[in-house]
K.L.:
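One structure coming up, written as structure tokens, with questions to follow.
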Amino acid sequence: MFYPTSHPWSTDQSLGDHLAERGVSRRDFLEFCGSMCAVLGISSTMLPKVAAQLEAIKRPSIIWLQLQECTGCVESVLRTAEPSIGDLVLDMVSLDYQHTLMAGAGEAVERAKADAMAANKGKYILVVTGSIPLEANGMYLTIGGRTGREILEEAARDAAAIVGVGACAHFGSVQAARPNPTGAVGINKIITDKPVVNIAGCPPIGDVVTATLVHFLTFGRLPEMDSEGRPLFAYGKRIHDQCTRRAHFDAGQYVEVFDDEAARKGWCLYKVGCKGPAVFSPCPIFQWNTRTSWPIGAGHPCIGCTEPYFWDTMTPFYGRLPNVAGFGIESKVDTIGAALALGATAGVAAHAAATGLYQLRHRKQAEAEAAAGSSTPTKEG
Amino acid sequence: MAATRVVVDPITRIEGHLRIEAQQENGRITNAWTTATQFRGLEIVMQGRDPRDAWAFAQRICGVCTVVHAVASCRAVEDALGIRIPPNANIIRNLIHGMQFVQDHVIHFYHLHALDWVDITSALKADPAATSRLAASISPWPNNSATWFAEVKDRVSKFVSSGQLGIFTNGYWGHPAYKMPPEANLMAVAHYLEALDWQRDVIRLHTIFGGKNPHPNFLVGGMASAINLESTATINAERLTDIHDMIKRAQRFVEQVYWPDLQAIASFYKEWASIGGGVTNYLACGEFPEGNIDEPDKFYLPRGIILDRDLTKVVPYDSSKVAEYISSSWYDYAQGDEAGLHPYEGETKPNYSGPPAPWTYLQGEKKYSWLKSPRYEGRAMEVGPLARMLVAYASGHEDVKAIIGDALGRLKVGPAALFSTLGRTAARGAETVLLARRMSTWYDALVDRIKSGDTQTFTKDKWEPETWPATAQGYGFLDAPRGALGHWVQIADGKISRYQCVVPSTWNAGPRDPQGQPGPYEAALTDNHPLLDPARPIEILRTIHSFDPCIACGVHVLDAEGKTVTEVKVL
Ligand code: SF4
Ligand code: SF4
């Protein structure tokens, strides 16, 4: 999607002119805007506004930093499923710095970044994958002889918006799991004076990244977020409430062990460790890789990768989520889930509460176990 | 003339964070240093966890070859617990890993490596009709029409005239090292774009079996995707047909686009068949079990070692001959910097001793990398596609002999040409062709088994921790797209007590050892290696990219307290 050459768009052209020139019909364009509205949860009465905004935009600059990470998030964005019109719209960016794809190297790309940041001061979008290691004076990650922290702080200073892509940027992901040997943190531990949107997941679905950028470009602001900084249009609903196997959960039809008769009938994975009831994620709706399937769809329980510190709070991955079936926390979460439907503001609060409840519960359990001398992790934050 | 100091940091179009320093004199590289500049510490994170969770942690070592650490981890835990996975699960893993190879190698060629050889700006001067004739002369690929090439040319010229060059900003366009005529450049640029759409399609095989890509799901004991022809929620005939067609599309692209393009581009750069060879020893641990995991003679790609480039014999691999050195790495050993430790006795005590950031140069520093230096009987070894193809070629592997022989014949060079930057890139292409073809064999085997009534994908008898011994240890090998990989796990009381990986990029990208012997990257960069303009180091990128670096892989070992992370055995 971020390959500018696939649909070059000259500097002074608006997107509307660009599309017209490429022979994209007004109807196709409006259809795309409509589907974007649906994805973003925007009322269709806003459609003309969305279309007008999108048509008028010019290609903004994107600076993409890759810090302490595995490149999985970049690969995920490369897999973005798109109708060809989506390809065009995502082409509305000029990707001025991106390690995995850039032709030049070393000084040449560092210069390209500096030039782009100066030329687009206050206007560029900063995309970050990866965490920042703070131990050992930051020497666990250097690029061009500079620490990850210094590079991030510099790039954040004049950014119009900061989009963290993936669990690493969100909270440090796997390298921040107990005992967090390099002191890895997410970007919002470093950048505290600006909002940071977290496209959560390890990796997230690429389409969520592109939809978030569309939102910013259209409305000039980041989408509404929950307490974790996750955009509500994608992370506002629990997996469990959207799950294709939910009827089996309600009917008490569970997979007891992998590849049993229940597994071969596609029953609920709760008893083999599914974390879906405690996880907010767009997986069941957006699905993965051109809507081919998704983890639960392919028979594996959800591991909760869109939730903060999931490597500690959601493990063991095949362990049963505490009290879901016993309707301890579950009843509360379900009540709150219903409230979610009521409205955005209520939704944010309820959502935060639901996630918070689960985490609180988990922390208490971990503390109790720690007090009892077990080695189960506790995690602050 | 004094040596010019050269720094390339970041090396782009790779996985991970890599720095190259070099010295250049009279247009040649006289000395080179490889530095890994990122450290994550995943093995220590895995201690104390449920071994059935290990694959997910290990998988996050690398999101580019996103299945290799997961499979190696499952194999290690299965080895430790004595689990034999069902044949269907083994075939499914081969299909997933096979598609990983094919997709990853194609992405590497077009999106990570091609711009070292292909000048985008030259494509603007191409004649689309002549480009179409050129393409038709090497391939029946139906998209190679003059209309399509004209469209691509038009896109590129508009893009260039826009002034916003994005990822192509400050590329080394017009550098005299670019040798191809405009038409060949245009053809490659068009296929760069086509490969983007292609990779997104064929990788869906991972999504069908593993629910997503990157980072599809795996399962100790087999695979979680159940097979049931009578259900909509499982692997059924519809899913199998989708997989069958993806394999066909993968084969077609590889045989009609990637492999012909690679050979066409190579024909303009034949001098690179005597540049960048480097170390003279090659190691392959073998891959794609077509029988049991402990029967290496039934792997599709064989195991073995080539010493001193002697293709008349394949030396058996003996794990006890591996040792890791730290004399150039930011670690301490209790026995001092000269010691070489077998991974069984390995220690990992990080101790950063370089200059404080920001720094300018590391050359001259005694220690300069987060990677250790693995050696086999004291020798540096190259791993990866070239090592695998050499070992197979020397073992008399019929498919490999045929395709390598054919490619050498077409370029009119002998087998010695393989020991080079170009040889590495060509070996990767040859391997991709063979694996894309082999996937059909595995697919047919899976369908045959289902037909005969076997739909089992998981072995349940050792799933519950109560069935495990109090202590256990095991290893999982895997020859990944970038080379030989090993995971070692020790389990005590149902939890991981130790976890260790020895990975491809540690072998290839490691620094000097106590004898001063350079690692494979460093040796390759000083082997008859040109560097015309230190400010535009395109030649360095060619050779480094020919290895397909995955640096996050190499630098994952860390124990902040300087304890444990020690006892492993090596293949
Ligand atoms: S969030 Fe996960 S997939 Fe993304 S870079 Fe981090 S470890 Fe890799
Ligand atoms: S527990 Fe998991 S598999 Fe079952 S309905 Fe909920 S989300 Fe779906």
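Note that the structure is predicted; figures quoted are calculated from it, not measured. Residue numbers start from 1 in every chain, and the chains themselves are labelled A, B, ... in the order their sequence lines are given, proteins ahead of strands. As a basis for the values below, the full set of heavy atoms in this structure was taken, side chains included, without hydrogen atoms, waters or symmetry mates.
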K.L.:
Hey, which of Arg60(B), Gln456(B), Arg52(B) has the most heavy atom pairs under 4.5 Å with chain A?
P.N.:
Arg60(B)
K.L.:
Under a 4.5 Å heavy-atom cut-off, does chain A meet the side chain of Val64(B), its backbone, both or neither?
P.N.:
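The answer is both parts of Val64(B).
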K.L.:
Do Thr71(A) and Cys62(B) have side chains that get closer than 4.5 Å, going by heavy atoms?
P.N.:
no
K.L.:
Could you tell me the separation between the CH2 atom of Trp288(A) and the NE2 atom of His206(B), rounded to the nearest 0.5 Å?
P.N.:
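One finds 13.5 Å between CH2 of Trp288(A) and NE2 of His206(B).
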K.L.:
Under 4.5 Å heavy-atom distance to chain B, tell me which part of Cys202(A) shows up: side chain, backbone, both or neither.
P.N.:
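It is both, since atoms from each part get that close.
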K.L.:
Are Leu42(B) and Val174(A) close enough, and set up right, to give a side chain to side chain contact (heavy atoms under 4.5 Å, CB included), and what steps lead you there?
P.N.:
CA-CA 7 Å; Leu42(B) 301 193; Val174(A) 64; 3.8 Å; yes
K.L.:
For Ala112(A), is it the side chain, the backbone, both or neither that has a heavy atom under 4.5 Å from a heavy atom of chain B?
P.N.:
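Both backbone and side chain.
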K.L.:
Are any of the side-chain heavy atoms of Pro203(A) and Lys212(B) separated by less than 4.5 Å?
P.N.:
yes
K.L.:
Under a 4.5 Å heavy-atom cutoff, which of Gly16(B), Gly63(B), Pro86(B) has the most pairs with chain A?
P.N.:
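Sorted descending by pairs with chain A, the first entry is Gly63(B).
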K.L.:
Quick one: which of Gly299(A), Gly145(A), Gly104(A), Cys73(A) has the most heavy-atom pairs under 4.5 Å with chain B, could you say?
P.N.:
Gly145(A)
K.L.:
What option among Leu67(A), Ile296(A), Val272(A) has the most heavy-atom pairs under 4.5 Å with chain B?
P.N.:
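Most pairs with chain B among the choices: Leu67(A).
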K.L.:
With a 4.5 angstrom heavy-atom cut-off, which part of Arg245(A) approaches chain B: side chain, backbone, both or neither?
P.N.:
side chain
K.L.:
Any donor-acceptor pair under 3.5 Å linking the side-chain atoms of Arg200(B) with those of Asn289(A)?
P.N.:
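Judged by distance alone, the side chains do not pair up.
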K.L.:
Examine distances only and state if a side-chain atom of His300(A) and a backbone atom of Phe218(B) form a donor-acceptor pair shorter than 3.5 Å.
P.N.:
yes
K.L.:
If you count heavy-atom pairs under 4.5 Å between each of Glu75(A), Met139(A), Arg146(A) and chain B, which one has the most?
P.N.:
Met139(A)
K.L.:
Side chain, backbone, both or neither: which part of Thr66(B) has a heavy atom under 4.5 Å from chain A?
P.N.:
neither
K.L.:
Any side-chain heavy atom of Gln199(B) sitting closer than 4.5 Å to one from Arg79(A)?
P.N.:
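Answer yes - side chains close enough.
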K.L.:
With Arg40(B), which of Gln175(A), Glu69(A), Gln68(A) fulfils side-chain hydrogen bond (donor to acceptor under 3.5 Å, both in side chains)?
P.N.:
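So, applying the side-chain hydrogen bond (donor to acceptor under 3.5 Å, both in side chains) to Arg40(B) and each of Gln175(A), Glu69(A), Gln68(A), only Gln175(A) qualifies.
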K.L.:
Select, from Glu464(B), Met223(B), Gln103(B), the one with the greatest count of heavy-atom pairs under 4.5 Å involving chain A.
P.N.:
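Heavy-atom pairs under 4.5 Å are most numerous for Gln103(B).
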K.L.:
Heavy-atom cut-off 4.5 Å, strictly under: side chain, backbone, both or neither for Ser231(B) against chain A?
P.N.:
side chain
K.L.:
Return the CG to CG distance between Asn213(B) and Leu78(A), rounded to the nearest 0.5 Å.
P.N.:
10.5 Å
K.L.:
Could you please spell out the steps behind the salt bridge (charged side-chain N to carboxylate O under 4.0 Å, His left out) verdict for Asp312(A) and Arg49(B)?
P.N.:
CA-CA 10 Å; Asp312(A) 293 327; Arg49(B) 312 233 174 214; 2.9 Å; yes
K.L.:
Any donor-acceptor pair under 3.5 Å linking the side chain of Arg19(B) with the backbone of Gly144(A)?
P.N.:
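No.
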K.L.:
Do Asp260(A) and Phe458(B) come within less than 4.5 Å of each other through their side chains, counting heavy atoms only?
P.N.:
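They are not in contact (no side-chain heavy atoms under 4.5 Å apart), so the answer is no.
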K.L.:
Measuring heavy-atom distances to chain A, does Tyr361(B) have an atom under 4.5 Å in its side chain, in its backbone, in both, or in neither?
P.N.:
neither
K.L.:
Does Tyr352(B) reach the side chain of Tyr140(A), with side-chain heavy atoms less than 4.5 Å apart?
P.N.:
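When only atoms from C-beta onward are counted, Tyr140(A) and Tyr352(B) do not touch, as no gap falls below 4.5 Å.
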K.L.:
Taking the side chain as every heavy atom from C-beta outward, state whether Pro356(B) and Asn137(A) have any pair of such atoms under 4.5 Å apart.
P.N.:
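A side-chain contact is absent here, since even the closest heavy-atom pair is not under 4.5 Å.
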K.L.:
If you round to the nearest 0.5 Å, how far is CD of Glu15(B) from SG of Cys70(A)?
P.N.:
6.5 Å
K.L.:
So which of Asn228(B), Leu362(B), Ile538(B) has the largest heavy-atom pair count under 4.5 angstrom toward chain A?
P.N.:
Asn228(B)
K.L.:
Rounded to the nearest 0.5 Å, what's the gap from CZ on Arg264(A) to CD1 on Ile235(B)? Could you check?
P.N.:
12.5 Å
K.L.:
Is a side-chain N or O of Asn217(B) found less than 3.5 angstrom from the main chain of Pro295(A), in a donor-acceptor match?
P.N.:
no
K.L.:
Decide yes or no on side chain to side chain contact (heavy atoms under 4.5 Å, CB included) for Tyr97(A) and Ile167(B), but give the supporting numbers first.
P.N.:
CA-CA 6 Å; Tyr97(A) 185 79; Ile167(B) 57 170; over 6 Å; no
K.L.:
Taking Thr169(B), Asp50(B), Thr455(B), Ile540(B) one by one, which has the highest count of heavy-atom pairs under 4.5 Å against chain A?
P.N.:
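Of Thr169(B), Asp50(B), Thr455(B), Ile540(B), Thr455(B) has the most heavy-atom pairs under 4.5 Å with chain A.
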K.L.:
Return the OG1 to CD1 distance between Thr292(A) and Ile203(B), rounded to the nearest 0.5 Å.
P.N.:
11.0 Å
K.L.:
Can you find a pair of side-chain heavy atoms, one from Trp311(A) and one from Val45(B), that are under 4.5 Å apart?
P.N.:
no
K.L.:
Where on Glu194(B) is there a heavy atom nearer than 4.5 Å to chain A: the side chain, the backbone, both, or neither?
P.N.:
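Neither part.
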K.L.:
Quick check on the interface: out of Ala226(B), Pro537(B), Ala535(B), who has the most heavy-atom pairs with chain A under 4.5 Å?
P.N.:
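When all of Ala226(B), Pro537(B), Ala535(B) are compared, Ala226(B) has the most.
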K.L.:
So what's closer than 4.5 Å to chain B heavy atoms on Glu110(A): side chain, backbone, both or neither?
P.N.:
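Interface part for Glu110(A): side chain.
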K.L.:
Evaluate Ile143(A) against Asp9(B) for side chain to side chain contact (heavy atoms under 4.5 Å, CB included), listing each step before the verdict.
P.N.:
CA-CA 6 Å; Ile143(A) 299 167; Asp9(B) 179 4; 4.3 Å; yes
K.L.:
Using heavy-atom distances under 4.5 Å, tell me whether Trp173(B) contacts chain A through its side chain, its backbone, both, or neither.
P.N.:
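For Trp173(B), the contact with chain A is made by the side chain alone.
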K.L.:
Looking only at atom types and distance, does a side-chain atom of Ser293(A) sit under 3.5 Å from a main-chain N or O of Ile208(B), one as donor and one as acceptor?
P.N.:
no
K.L.:
Counting heavy-atom pairs closer than 4.5 Å to chain B, which one of Asp259(A), Thr147(A), Ile303(A) comes out on top?
P.N.:
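Going by pairs under 4.5 Å, I would pick Asp259(A).
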K.L.:
For Trp463(B), is it the side chain, the backbone, both or neither that has a heavy atom under 4.5 Å from a heavy atom of chain A?
P.N.:
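Side chain only.
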K.L.:
Please flag which part of Arg536(B) lies under 4.5 Å from any non-hydrogen atom of chain A: side chain, backbone, both or neither.
P.N.:
neither
K.L.:
How long is the gap from OG on Ser225(B) to CZ on Phe258(A), to the nearest 0.5 Å?
P.N.:
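It is 11.0 Å, given to the nearest 0.5 Å.
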K.L.:
For Ala114(B), is it the side chain, the backbone, both, or neither that has a heavy atom closer than 4.5 Å to a heavy atom of chain A?
P.N.:
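Contact with chain A is absent: no heavy atom of Ala114(B) under 4.5 Å.
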K.L.:
Taking Thr244(A), Thr100(A), Val74(A), Leu269(A) one by one, which has the highest count of heavy-atom pairs under 4.5 Å against chain B?
P.N.:
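Of the candidates given, the most pairs with chain B belong to Thr100(A).
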K.L.:
Side chain to side chain contact (heavy atoms under 4.5 Å, CB included) between Phe317(A) and Phe57(B): does it pass, once the steps are laid out?
P.N.:
CA-CA 11 Å; Phe317(A) 289 132; Phe57(B) 286 80; 4.1 Å; yes
